[in-house]
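The first residue of the sequence shown is numbered 1, and numbering continues consecutively from there.
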Amino acid sequence: MKRSLPLALLMACPVFAAAAPPDGFEQRVESLRKEIGVPGMSISIVEGGKVVFAQGFGVRKLGSPEKVDADTLFDTGSTGKAMTVADLAILVDAGKIGWDDKVVDRLPGFQMYDAWVTREMTIRDLLVHRSGLGLGAGDLMFVPRTNLSRAESVKRLRYIKPATSFRSGFAYDNVLYMVAGQLIEAVTGETWEHFTVEHLFKPAGMLHAVADSESHFADPNRAWPHARMNGGLRGVGDQQVLDERDELGRNAAPAGGLSISANDLSRWLRIQLAGGKLVDSDAHLFSEAAQREMWKPMVLQPIAPRPESLKATQPLFDTYALGWDVRDYRGTKIIWHGGAVFGELTAVVLVPDKKVGFSITINSEDGEIISGLMFELLDHYLGAPSSDWPAKFRDFKKQRIAEGLKAYQTKAATPAKVGPSLALARYAGTYNDPWYGNIDVGVAKGRLTIDFKSTPRMGGALEHWQYDSFVTRFDDKTIEPAYVTFAINADGKVERVTMKPVSPLADFSYDYQDLMFTPVEAKK
């Protein structure tokens with residue numbers, strides 16, 4: 001469900017679409033894959049309603065010989081938001097809901113922090129990131145994994161304080177897509193997973209695609225993620241990833257819990273470009289009216305300046321529709337979305353004016369290959385001069401990492417040699433944040449420990465930083481470290497615990513800064 005940063009840098013006189021992928025495209029992709037170090041990837045391209053390219057590259061799992069092919073499943077992250085929207089469109093077409101129905105009328109018990117927002121929020125509001133919640137608010141209820149049910153996570157939304165007023169601006173979130181999943185269940189009596197499989201995947205002929213809390217985890221043709229950590233590739237064990245997929249699927253799957261192959265994504269692209277019409281059929285998955293609603297820009301997104309090397313990718317307008325980003329590139333409207341989850345990245349891109357669409361999926365976190373190939377394909381189909389976009393995105397990524405590392409090292413080199421002000425045992429206890437739940441702080445082997453109780457296997461040591469602040473040293477090194485600060489009252493007791501990410505490049509889903517823990521005993 002998060003969108004990887006290189007992908008967010010998407011988006012120069014439209015010409016006629018070329019009749020086929022670029023010459024030597026297969027060799028170009030394989031050369032880039034090896035150069036960058038991506039274990040496996042797949043690409044599908046459709047033109048004029050036909051599949052012109054669907055192929056896998058590399059291996060499903062680092063160190064194993066199994067090859068990626070066009071039927072290999074990849075976790076597609078937040079690109080699945082558009083499919084949750086399609087689920088809703090099916091219900092709209094059936095007259096069971098309306099885009100502007102109040103959520104409380106369809107999902108009894110739904111509640112936001114503000115009573116007025118609760119009353120006014122519509123189904124459309126759930127889908128366009130204008131709720132007033134902060135960027136990634138509530139993501140720690142499922143990132144990096146969770147033992148909470150979807151219903152419990154939706155219930156806890158009422159405790160997340162807004163960052164801005166309702167409908168005043170754009171801030172990307174995942175939690176309200178969980179609400180959309182619960183709403184589908186309330187309206188249909190089916191789980192989101194079952195509804196998606198039975199009413200979207202099967203009619204669309206997406207025979208390999210799966211929703212991640214269905215019982216499919218041992219699929220032998222699945223790509224396994226290999227996140228790039230500290231300059232090296234970290235293979236993730238099969239069982240660990242299966243557990244994490246299962247734990248994510250409990251609540252956040254409607255925000256990005258789908259696993260899909262290149263062949264199945266090609267069918268999705270064809271349906272989208274055909275206004276909801278099914279492949280090789282006169283029937284529709286959803287109506288053309290619903291399609292127009294999905295692609296209708298709803299919220300302006302801020303446009304960050306690009307470096308000179310990427311200036312051509314800077315859009316003139318950037319908006320969010322229902323589960324899709326809508327922006328321009330070289331004067332042409334682009335419908336797209338990126339996805340990132342479990343160390344795998346995806347981009348799904350549509351160029352309606354050219355009747356062209358493509359998808360790119362990888363089982364690592366090397367987003368420069370997705371962004372680079374995305375723009376190479378866009379330039380090809382728009383008749384623009386070719387440019388080595390993968391190299392430019394790779395250079396930009398290196399620059400950002402270097403700047404982030406410098407900022408971190410500068411800060412890390414200057415902690416005050418003061419504190420802690422209490423004996424370690426006096427920090428120990430159970431602390432509660434209303435929307436996240438509990439953490440347990442303990443003492444073991446002369447060190448403080450921390451355990452995030454709503455997140456399986458999210459625990460480790462606390463190392464003193466300065467004053468009454470500590471740094472997490474999680475046993476799972478893939479989890480973003482956090483500063484943990486204890487506020488001491490006049491009686492020398494811990495009054496509250498706050499947190500913030502250590503890294504300036506931390507993924508926004510680690511929304512530590514939104515947490516406010518208080519001692520459980522004090523609440524009693």
Side-chain angles (χ1 to χ4, degrees), residues 3-38 41-47 52-53 55 57-58 228 269 301 303-318 325-338 340 345-362 364-403:
R3 299 189 297 181
S4 64
L5 188 58
L7 294 181
L9 290 174
L10 226 178
M11 328 275 120
C13 3
V15 191
F16 294 101
D23 290 340
F25 183 66
E26 181 179 340
Q27 292 76 18
R28 169 66 169 164
V29 173
E30 180 63 7
S31 175
L32 282 171
R33 183 191 70 79
K34 291 179 177 178
E35 176 188 344
I36 293 172
V38 175
M41 61 188 297
S42 69
I43 296 177
S44 62
I45 305 175
V46 302
E47 299 178 23
V52 298
F53 192 92
Q55 187 170 321
F57 301 83
R228 191 169 284 279
L269 292 166
Q301 298 190 50
I303 299 175
R306 313 294 197 250
E308 193 59 38
S309 62
L310 299 176
K311 212 66 175 178
T313 70
Q314 183 170 319
L316 297 176
F317 70 88
D318 192 2
D325 291 276
V326 181
R327 57 183 62 171
D328 69 293
Y329 178 62
R330 298 191 187 276
T332 298
K333 182 170 70 175
I334 307 297
I335 315 290
W336 90 289
H337 211 290
L345 305 180
T346 303
V348 177
V349 184
L350 302 165
V351 191
D353 289 353
K354 303 300 179 185
K355 300 188 183 303
V356 166
F358 56 88
S359 66
I360 308 170
T361 58
I362 64 175
S364 68
E365 294 182 341
D366 303 282
E368 60 269 35
I369 195 171
I370 290 189
S371 297
L373 286 173
M374 181 186 304
F375 284 105
E376 286 196 2
L377 285 171
L378 286 172
D379 283 347
H380 171 71
Y381 285 108
L382 297 179
S386 61
S387 181
D388 191 352
W389 290 116
K392 293 177 180 179
F393 276 100
R394 194 173 193 183
D395 288 345
F396 177 64
K397 178 180 176 180
K398 288 179 179 178
Q399 177 186 343
R400 287 187 62 254
I401 291 173
E403 290 171 351

Q. Atom CD of Glu35 and atom CZ of Arg394: how far apart are they, to the nearest 0.5 Å?
A. 5.5 Å
Q. Does the pair Lys392 and Leu310 meet the rule for a side-chain contact (heavy atoms from CB on, under 4.5 Å), with working shown?
A. CA-CA 7 Å; Lys392 293 177 180 179; Leu310 299 176; 3.8 Å; yes
Q. So, Arg28 and Asp388, do they make that salt bridge, N to O below 4.0 Å?
A. yes
**Q.** Heavy-atom check, side chain of Asp366 versus side chain of Phe393, under 4.5 Å
**A.** no
Q) At their closest point, which heavy atom of Leu378 faces which heavy atom of Ile334, and how far apart are they? A) CD2-CD1, 3.8 Å
Q | Closest non-hydrogen atom pair between Phe358 and Ile45, with its separation | A | CB-CG1, 3.9 Å
Q: Please indicate whether Gln27 has more than 12 foreign heavy atoms, meaning atoms of other residues, nucleotides or ligands, lying under 6.0 Å from its CD.
A: yes
Q. Are Val38 and Arg33 side-chain neighbours, meaning at least one heavy-atom pair lies under 4.5 Å?
A. yes
(Q) Which heavy atom of Gln314 sits nearest to which heavy atom of Pro305, and what is that distance? (A) OE1-CA, 3.5 Å
**Q.** Minimum side-chain heavy-atom gap Val351-Tyr381 below 4.5 Å
**A.** no
**Q.** Test item: Met41 and Ser364 side chains (from C-beta on) under 4.5 Å apart, heavy atoms
**A.** no
Q. Can you tell if the side chain of Ile43 reaches within under 4.5 Å of the side chain of Phe25, non-hydrogen atoms only?
A. yes
Q) Should Asp395 and Ser309 be marked as a side-chain contact (heavy atoms from CB on, under 4.5 Å) after you check the CA-CA gap, both sets of side-chain angles, and the distance that decides it? A) CA-CA 9 Å; Asp395 288 345; Ser309 62; over 6 Å; no
Q) With a 4.5 Å limit on heavy-atom distance, are the side chains of Ser42 and Thr361 in contact? A) yes
Q: Kindly indicate whether the side chain of Val349, heavy atoms from C-beta on, has any atom under 4.5 Å from the side chain of Phe375.
A: no
Q. Got a second to check how far Glu47's CD is from Phe53's CZ, nearest 0.5 Å?
A. 11.5 Å
Q.
For a quick test of reading the model, state the closest non-hydrogen atom pair linking Pro315 to Arg327 and the distance between them.
A. CB-CB, 4.3 Å
Q) Counting only N and O atoms by type, is there a donor-acceptor contact under 3.5 Å from the side chain of His380 to the main-chain atoms of Ala20? A) yes
Q: Go through Thr332 and Lys354 one step at a time and tell me if the side chain to side chain donor-acceptor pair (under 3.5 Å) criterion holds.
A: CA-CA 9 Å; Thr332 298; Lys354 303 300 179 185; 5.9 Å; no
(Q) Tell me the closest heavy-atom pair linking Ala312 and Trp389, and the distance in Å. (A) CB-CH2, 3.9 Å
Q: Step by step, work out the salt bridge (charged side-chain N to carboxylate O under 4.0 Å, His left out) result for Arg400 and Glu403.
A: CA-CA 5 Å; Arg400 287 187 62 254; Glu403 290 171 351; over 6 Å; no
**Q.** Inter-residue atom distance Leu373.CG - Ile370.CD1, 0.5 Å rounding
**A.** 8.5 Å
**Q.** Non-hydrogen side-chain atoms of Glu368 and Phe396 separated by less than 4.5 Å
**A.** no
**Q.** Where Glu376 and Pro390 come nearest, the two heavy atoms and their spacing
**A.** OE2-CD, 3.1 Å
(Q) Is it the case that the side chain of Asp328 and the backbone of Leu316 share a donor-acceptor pair, with hydrogens and angles ignored and the cut-off at 3.5 Å? (A) yes
